[in-house]
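By convention in this document, chain letters (A, B, ...) are assigned in the order of the sequence lines, proteins followed by strands, and residues within each chain are numbered from 1. Just so you know, these numbers use all the heavy atoms, side chains as well, and skip hydrogens, waters and symmetry mates.
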Protein chains: 2
Amino acid sequence: MSVSKNPDACPVSILMSLLSGPWTMYILWVLCNSGPTRFGALKHLVEGISTKVLTERLRMLEAAEIIYRQYEPTVPPQVTYGLTKRGQELIEILHQLNALAERWYGSQQREHSNSNI
Amino acid sequence: MSVSKNPDACPVSILMSLLSGPWTMYILWVLCNSGPTRFGALKHLVEGISTKVLTERLRMLEAAEIIYRQYEPTVPPQVTYGLTKRGQELIEILHQLNALAERWYGSQQREHSNSNI
DNA sequence: CGGAATCCCGCAGGATACTG
DNA sequence: CAGTATCCTGCGGGATTCCG
C-alpha cells in the first residue's frame, strides 16, 4: 500500500506508507498501551486480524526499526514484540495528530479511554 | 482504504485513513508548495494520477475541510483548490513527521528541494 | 507457539470515452 | 475546463491448512 506512487517520494511519504495499511496503527496502539507483547497475545488483542497480515505488519515495522522482535528458542518458542526508540518517537508525533483529530472530530470517549495514540 | 477496521477507531485513525491512500499526501504537498491550484494544473503537477482518483481525493479532503473548493461559473469554468486552516494545521504536524523521517532515512535532497511536507 | 504456504475474492485504482 | 460514467484488472487481505 503506497501513499505516493511518485519516484521522488519524500521521507514523510515513506513513513506514511508504512503506517497506512489496515491494522498497522492499531498494532502500534496496542503495543504502546500493553507494552511488549507476544505474537499470540497480539493476535487476540488485535481482534479480527489474520495471522498472515499480522505477520506482514510486524515484519514491516521491524524492518523499519519501529518495533523489535525478541525470539526465545524455547519449546514452545516465545516471540515478543515491542516498541523501539524509534517507535516511541513516532508515537509521540502520532499523539499530536490525535490531539488535532480530537479537536476536529470531538473526543468521543470510548471504552478503552486510556490515552489512545 | 482504511487504517483500522476496528469499530472503536480512534480519531487519529480517522485522520490516517484520510491521508493513507495513494496520491493523497502528494496532493497536499503540492497544494502546500504551489498554493491554490486549479484542477487541470493539479492534474499536471500530480503526474500520473487519473482524473477519477484526483477527483475522489479532492472530494474526500474537501469533505474533511482540509482543502477548499472554489468554483467560478465562467465559461470555461474555473475550479481552484487550496489548503484550509485545518489543512495548514495538518501540514505543520506532517512537517514534524517529515523531520523525523529525514533523521531516520537521511535527507536525500531531491530535485524539488523546497521544503517538503 | 509462531508462523509459512496456498487459494480465493472484492474492490481500489487505471484507462478510456463522453458531457455541461 | 472540470469533471462524470463505464469497464476492466491487480493485488491486498481473508480463510484455511500445514510445519519446526
Interatomic distance where [atom1] belongs to [X] and [atom2] belongs to [N] [whole Å]:
X	N	atom1	atom2	value
A:L58	C:dC1	CG	C1'	14 Å
B:E56	C:dA15	CD	P	14 Å
B:L42	D:dA2	CG	P	10 Å
B:K43	C:dG13	NZ	P	15 Å
B:L54	D:dA2	CG	P	11 Å
B:E62	D:dA2	CD	P	15 Å
A:R69	C:dC1	CZ	C1'	12 Å
A:Q78	D:dG20	CD	C1'	16 Å

Handout entry: Contacts of type side-chain contact (heavy atoms from CB on, under 4.5 Å), residue A:P77, not counting sequence neighbours
Key =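 Residues passing side-chain contact (heavy atoms from CB on, under 4.5 Å) with A:P77: A:Y71.
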When rounded to the nearest 0.5 angstrom, what is the spacing between CG in B:L61 and CG in B:L90?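 Atom-to-atom, B:L61:CG and B:L90:CG are 9.0 Å apart.
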* Asked: Quick one: CH2 on A:W29 to CG on A:N98, what's the gap to the nearest 0.5 Å?
  ->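 Answer for the CH2-CG pair, A:W29 versus A:N98, is 11.0 Å.
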- Task: List in chain and number order the residues that pass side-chain hydrogen bond (donor to acceptor under 3.5 Å, both in side chains) with B:Q70, two or more places apart in sequence or in another chain; answer none if no residue qualifies.
- Result: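 Result, side-chain hydrogen bond (donor to acceptor under 3.5 Å, both in side chains) vs B:Q70: B:E72.
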*asked:* Run the side-chain hydrogen bond (donor to acceptor under 3.5 Å, both in side chains) test against A:Q96 and tell me which residues pass, sequence neighbours left out.
replied: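 With sequence neighbours excluded, A:Q96 shows a side-chain hydrogen bond (donor to acceptor under 3.5 Å, both in side chains) to B:Q96, given in chain and number order.
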Look for any protein N or O under 3.5 Å of an N or O in nucleotides 4-7 of chain D and output each such pair with its distance, or none.
unit_1	atom_1	unit_2	atom_2	d
D:dT4	OP1	B:R59	NH2	3.0
D:dT4	O4	B:T51	OG1	3.4

| request: Kindly write out the residues that satisfy salt bridge (charged side-chain N to carboxylate O under 4.0 Å, His left out) with A:E62, not counting sequence neighbours, or none if the list is empty. | output: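 Not a single residue meets the salt bridge (charged side-chain N to carboxylate O under 4.0 Å, His left out) criterion with A:E62.
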Check: Within the structure, does a side-chain N or O atom of A:W23 lie under 4.0 Å from either OP1 or OP2 of D:dG12?
Finding: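 No, A:W23 has no side-chain N/O under 4.0 Å of OP1/OP2 on D:dG12.
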Quiz item: Closer than 4.0 Å, any side-chain N/O of B:Y71 to the OP1 or OP2 of C:dG20?
Solution: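 No, B:Y71 has no side-chain N/O under 4.0 Å of OP1/OP2 on C:dG20.
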_Residue pair A:R57 / A:T24, side-chain donor-acceptor N/O under 3.5 Å_ =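 Per modelled atom types, A:R57 and A:T24 side chains form a pair under 3.5 Å.
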> Which listed nucleotide (C:dC1, C:dG13, D:dA2) is nearest to the side chain of A:R38?
Replying inline: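 Closest of the options to the side chain of A:R38: C:dC1.
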Side chain of A:P77 only, heavy atoms from C-beta on: which candidate in C:dC1, D:dG13, C:dG13 is closest?
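Nearest listed nucleotide: C:dC1.
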ILVMFWY network linking A:Y68 to A:L42, side-chain heavy atoms under 4.5 angstrom: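 Different hydrophobic clusters.
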* Asked: Hey, what bend do you get for the helix from C:dC1-D:dG20 to C:dG20-D:dC1 if you fit axes on five pairs at each end, rounded to 10°?
  ->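 For the helix from C:dC1-D:dG20 to C:dG20-D:dC1, the axes at either end differ by 50°.
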Query raised in the report: Taking 4.0 angstrom as the limit, do A:R103 and B:E89 come out as a salt bridge?
Result: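 Yes.
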